[in-house]
Amino acid sequence: FFWWALEANSGTTPPYFLWTSWLAITLDKILLSDITAAEVSSQEDSIPKIFTGTIFVFVNIMLSVIKNIFSKNKKKKLLIFFFLILTVFFLIFKYLENNIQQIISNEFFKKSNYSLSLDDVDFKFSGNISVDNVVILNKEKDTVFYSPEIIVNSKSLQKVIINDELNFNNILIKHGFLKYENFDDIKTLKTNSNFNDNLNIKNIKLDDFKISFMDYSSIVDFEIADLRLIDNKISLKIKDSEFDLKDNQNFKKINATVNIDDNNIKLKDLSIALDNSFLDGNLFVKNFNDFESLKFEGDITNKSKVTSSDFIEGSAENSFNFNVKFNGDLNKIFLDEFELKNENTNILAALEINNPFDKSKYDLTFDFKEFSSISTEISNTFPKIFGSYIPSSLQSIGKFKLNGNFRYSNEKIISDFELYNNNGKVYSNLIISEFENIDNASYTGTFKGNNIDLSNFITLPFLGKSNFEFTIDGKGF
């Protein structure tokens, strides 16, 4: 046959009688091989698998031959040969489409603790295979993965069936979903079979794909390069991808180098864009499969920029350079070297957040090494801060500089700070409670001033500049 193919490639049409004889003998062998496979129970899996693999080789060779034939513009001379080849392709494709679904499902079940089903397999003349309505179930028969269409290169699938090698060039997953809560440990992918557990995918693309975890879900368009699974260690690169959160926030231009090893995940050179903001940094998560022992650390580098209107409703479009180092767990988060600055504002601080996911026990501590800004910019950036968290009387303070610390919880705000402006200096050590309406909150503590115009704080215009020190125990400011 290959001799005839070469002759056809050079312009010589193979003898019709010999060709049809070869076709009849080949089909006879195909039928006999199926009968033998059915009769010999010990070879039920191996014979169809070997035969299917052989067909894959044949299909790939013939696709290459046909491409060479047509590239030399000999369509008229090879018309008969083309129709004969088309007939063989039709018979082979029908065999594969009728049997490969079962072969793939059986092989997948042998090589993992998951089960797989699919509806149809279609061969494309581009050399790719379309697998339709793919469903993966875990041991409890819960759906882990679904996609209405997956497109994979035929040569890659050929390697899986013949050589038990999970080496893929390109995979396209269109639509569908992944339910992470139904996904078992990665180690369940490893079995005692002779299967090669290593996985290599040169490029995989998720198109309009939904990933859900408990009450959270996201629509993603992801491109992943150089994905490798070797001895339960995963490495991959995320390239110019994006995802949408359920509150319609669209994160774009996501890039990262990812390594997953023994329930730890490391994201290096992570970059992500949201509207007018851009973050660049690194993240390391330990024990991500066990929330009780989960820990993380990382940083956001000084290449990053945040725009307040991207995160705060009603905020003006104020942009800041931003960098921070962070670490913690689900109960406590530390932010060190927190720096936020632009031409009007410079914030250098450390933060500690306790019980970040429990509103009833939430606790936040700011330790400001430096906080310099203008009250109008603070008001434009945080539209509700004056009158909600800071007394309204401070809105007219103008340009200021502050250092000290604040601790905020649902019950009280504890502050110990020094504040400077062009008119003087204020020192405050206060405990504020009942601050649902900050202008009518309860205050206890000490308040000192040096060359301060009290009319900026107390609505009595006849008060001028003075030095003062008094103890506060009352309501309203």
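Predicted, not measured: the structure shown is a model, and the values here were computed from it. We number each residue from 1, following the sequence as shown.
Using a 4.0 Å cut-off between charged side-chain N and carboxylate O, Lys361 and Asp363 make no salt bridge. Taking 4.0 Å as the cut-off between side-chain N and carboxylate O, Glu339 and Lys341 count as a salt-bridged pair.
Between the Asp290 side chain and the Glu292 main chain, a donor and an acceptor come within less than 3.5 Å of each other.
No option in Phe177, Phe145, Tyr146 other than Phe145 meets the ring pair (Phe, Tyr, Trp, His ring centres under 6.0 Å) test with Phe209. When each of Leu364, Thr365, Asp367 is paired with Leu351, the side-chain contact (heavy atoms from CB on, under 4.5 Å) condition holds for Leu364 and for no other. The one candidate from Ser319, Pro383, Ser315 that meets the side-chain contact (heavy atoms from CB on, under 4.5 Å) condition with Ser308 is Ser315.
Within the structure, the side-chain hydrogen bond (donor to acceptor under 3.5 Å, both in side chains) test picks out no pair touching residues 266-276 (sequence neighbours left out). Identified under the ring pair (Phe, Tyr, Trp, His ring centres under 6.0 Å) test for residues 327-363, with sequence neighbours left out: Phe322-Phe338.
Glu242 approaches Ile254 most closely through the heavy-atom pair CA-CD1, 3.9 Å. Across His175 and Ser147, no two heavy atoms sit closer than the pair O-OG, 3.7 Å. When all heavy atoms are compared, the tightest approach of Gly176 to Pro148 is N-CD, 3.8 Å. Residues Asn342 and Asn344 come closest through the heavy atom pair OD1-N, 2.9 Å. Heavy atoms only, all atoms of each residue included: Leu227 and Leu236 are closest at CA-CB, 4.0 Å.
For the residue pair Asn250/Asp244, the side-chain donor-acceptor check at 3.5 Å is satisfied. Looking at Ser130 and Asp132, their side chains do bring a donor and an acceptor atom within 3.5 Å of each other. If you check the side chains of Asn405 and Asp416, you find no donor sitting under 3.5 Å from an acceptor.
Residues Thr345 and Leu340 fail the side-chain proximity criterion, which asks for heavy atoms closer than 4.5 Å. Residues Val258 and Ile265 meet the side-chain proximity criterion, which asks for heavy atoms closer than 4.5 Å. At a threshold of 4.5 Å between non-hydrogen side-chain atoms, the residues Ile272 and Leu274 do not count as touching. Residues Ile204 and Phe222 have side chains not in contact (no heavy-atom distance under 4.5 Å, counting atoms from C-beta outward). In this structure, the side chains of Asn203 and Glu223 come closer than 4.5 Å at one or more pairs of heavy atoms. Side-chain contact between Ile414 and Ile431: present, with at least one pair of heavy atoms (C-beta onward) separated by less than 4.5 Å.
Classification of the Phe371-Phe400 ring pair by plane angle, with boundaries at 30° and 60°, yields perpendicular.
Under the ring pair (Phe, Tyr, Trp, His ring centres under 6.0 Å) criterion, Phe366 pairs with Phe368, not counting sequence neighbours. Every residue was checked against the ring pair (Phe, Tyr, Trp, His ring centres under 6.0 Å) condition with Phe382, not counting sequence neighbours, and none meets it. Glu317 pairs by the side chain to side chain donor-acceptor pair (under 3.5 Å) definition with nothing, not counting sequence neighbours. Partners of Thr446 by side chain to side chain donor-acceptor pair (under 3.5 Å), not counting sequence neighbours: none found.
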